[in-house]
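Working notes for the structure below.
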Amino acid sequence: MAAASSYLFFFLSFSLLFSSTLSACEFRVGGLKGWRKPTGDELENYNHWATKNRFHIGDSLYFKYENDSVLVVDKNAYKECDTTAPLLKFVGGNTTFTFDRHDYFYFISGEPGNCKAGERLIIRVMVHWEVVIPGDAPSPQPGHSGGSISSAAVGFAASFKNTVFMAALGSAFSISQFV
Ligand SMILES: *[C@@H]1O[C@H](CO)[C@@H](O)[C@H](O)[C@H]1NC(C)=O
Ligand SMILES: *[C@@H]1O[C@H](CO)[C@@H](O)[C@H](O)[C@H]1NC(C)=O
């Protein structure tokens, strides 16, 4: 049993090390249209798009925008569309934000009225060893609201390799409960 446990420990450490480098994806927010105030003819809003993707530590969001900004805010500021005290503020039109921890990340536009019109996004960064069953539904996210944004060609889903890897990791965890 001790041997089995240390094998598992080794396997998990080894795999986690590699998974964080192998699986990093860049997701383009809003697809080709980028980060902007919704005009009302979009097929889905930013949060709907987000629920269809899985985000992990090391993945990043790419925001492309004009005459606009990207604010990283807390949950309350997100709810209130409060642009006055962001945790981080990006301007310049090209912003890449990389996830460094498991958490919820809240993004809103810094332009007056844009957040209320739906230019806001919640991202849940998941733990790496969460088992992914291909095709299963992502969990719903809080604060889902606002306008909508089309998102053709938005980033990549987890690669097949990564999915298989996580499934293997999942089984390792279930085995470990019986060791
Ligand atoms: C941004 O602002 C400039 C100057 O006011 C304007 O010419 C341009 O059309 C604006 N771009 C967008 C996408 O609204
Ligand atoms: C964004 O980055 C791309 C590639 O680095 C560059 O070509 C483009 O001019 C940049 N746009 C802005 C608004 O800075």
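Whatever order the structure lists them in is the order used to number ligands and atoms, beginning at 1.
- Side-chain contact check for Y65 and T95: at least one donor-acceptor pair (N or O, by modelled atom type) lies under 3.5 Å.
- Checking N94 against Y62 by side-chain atom types alone, a donor-acceptor pair falls below 3.5 Å.
- F105 meets the ring pair (Phe, Tyr, Trp, His ring centres under 6.0 Å) test with F97, F99; sequence neighbours excluded.
- For residues 51-87, the set of pairs meeting the disulfide bond (SG atoms under 2.5 Å apart) definition, not counting sequence neighbours, comprises C81-C115.
- A side chain to side chain contact (heavy atoms under 4.5 Å, CB included) with F90 holds for exactly one of T96, V72, L71; it is V72.
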Which protein N or O atoms sit under 3.5 Å from any N or O of ligand 1? Give atom names and distances.
unit_1, atom_1, unit_2, atom_2, d
ligand 1, 2 (O), N67, OD1, 3.0
ligand 1, 2 (O), N67, ND2, 2.3
ligand 1, 11 (N), E66, OE2, 3.1
ligand 1, 11 (N), N67, ND2, 2.8
ligand 1, 14 (O), N67, ND2, 3.3

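- Within the structure, the disulfide bond (SG atoms under 2.5 Å apart) test picks out no pair touching residues 43-80 (sequence neighbours left out).
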